[in-house]
Amino acid sequence: MSDDNISLAGYHRAPMIGYHRAPLSQKFGAPRQPNLVALTSIIEMIAPYDSPAAFAGLDAFSHIWISWQFHHNYTNKDTHIGKAGTGFRAQVRPPRLGGNQKIGVFASRSMYRPSALGLSVVKLESIEVCDGRVLLIISGADMIDGTPIIDIKPYVAYSDALSNAKSGFAPTVPDLLEVIITESAYAQFMTFVYGGRCDKNDNDNGTETENKNNKKAIHAKNHSVATLIQQMQEQLLIADIETIKALIAQDPRPAYRRAEINTPFVMRYKSVDVSFQLIESGQLQITAVVKVSL
């Protein structure tokens, strides 16, 4: 047996069937569990798994299971398949326990797993066929942009939702912090929404109509796959400010730094970097919204 075959013993190879396209390109700020924030994103299927025939009947389900890979956990190819056991963490420190208490990795949903595999249930908003290829429009994902997708299955309520299940150290939804935004940061955000135009009026019906039209544009049949993905990843909408607040309200800061007052943190969302900090009132305050080069 060759060295390559020996090194791969005990591993299962799975094809990547698609990629997750999302407004969040970095781990910081991503929800720690699915369905905590109704963030819209796209699963871009790749050939030969992008055939519409493979999705016949899936539109009858409201939610789907996604198997995926924690692709940002490995910066060295030696920590991937090829050197068994490299980088394995038997215990982790869940943020839910304050980042201080250790538990076994298999008693957690930590991203640092031997398989580097994630599992999430998300809402299936729609199935779109663009350029002959399937795009799944989903919401509630806890995956970042570029995440490799390994499998998709329908969520079946009678077997997948167990009312008598126990949830260990995470029995309830995490507490949220109140998020506020400074006037200057809001003005920066609105400037990027309107592209520097001077005809904006937050109180007119045109703003609401424009926002609705932009949110519906992702379903347009005459756009290319690349155009739809780029729009979802880069174009700021008025509604995005509420999504940004919802993401920050989860408090993405490391557990050991959550008592720090006036310490700036930066979350990248679409085409902007959003700076925020904890202030003395106990609120998380958005202090700046800055355009980034993508």
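All of these numbers come straight from a predicted model, not from anything done at the bench. We're numbering straight along the sequence, starting at 1.
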Open item on the list: Return the CD1 to CZ distance between Ile144 and Phe28, rounded to the nearest 0.5 Å.
Closed with: 13.5 Å
Task: Gln285 side chain to Thr287 side chain, donor-acceptor N/O pair below 3.5 angstrom - done: no
Task: Nearest non-hydrogen partners of His63 and Val121, listed with the distance - done: CB-CG2, 4.1 Å
Open item on the list: Tell me whether the count of non-hydrogen atoms from other residues, nucleotides or ligands lying under 6.0 Å of CG in Asp175 goes above 12.
Closed with: no
- [ ] Any chance you could lay out the side chain to side chain contact (heavy atoms under 4.5 Å, CB included) test for Ile261 and Thr263, step after step, and finish with the verdict?
- [x] CA-CA 6 Å; Ile261 303 294; Thr263 300; over 6 Å; no
Task: Pair Arg21 + Glu44: basic N to acidic O under 4.0 Å - done: yes
TODO: Please check if any side-chain donor atom of Ser139 sits under 3.5 Å from a side-chain acceptor atom of Glu125, or the reverse.
DONE: yes
Task: Distance, nearest 0.5 Å, that separates CZ of Phe55 from CE of Met45 - done: 3.5 Å
TODO: Look at the side chain of Ser271 and the backbone N and O of Glu234, then say whether any donor-acceptor pair between them is shorter than 3.5 Å.
DONE: yes
Task: Thr147 (side chain) donor-acceptor with Met143 (main chain) under 3.5 angstrom - done: no
Open item on the list: Show the nearest heavy-atom pair for residues Arg32 and Arg253, with the distance to one decimal.
Closed with: NH2-O, 3.6 Å
Task: Asp142 side chain to Pro31 backbone, donor-acceptor under 3.5 Å - done: no
Open item on the list: Rounded at 0.5 Å granularity, tell me how far CD1 in Ile42 sits from OG in Ser126.
Closed with: 9.0 Å
- [ ] Please check if the side chain of Arg133 supplies one atom and the backbone of Pro52 the other of a donor-acceptor pair under 3.5 Å.
- [x] no
Open item on the list: Testing the 3.5 Å rule here: is there a donor-acceptor pair between the side chains of Trp68 and Ser120?
Closed with: yes
- [ ] Using a cut-off of 6.0 Å, state whether more than 12 heavy atoms not belonging to Arg96 lie near its atom CZ.
- [x] yes
TODO: I would like to know whether Met267 and Asp273 meet side chain to side chain contact (heavy atoms under 4.5 Å, CB included); could you show each step before the answer?
DONE: CA-CA 6 Å; Met267 180 187 75; Asp273 276 348; over 6 Å; no
Task: NZ/Lys291: more than 12 non-hydrogen atoms of other groups inside 6.0 Å - done: yes
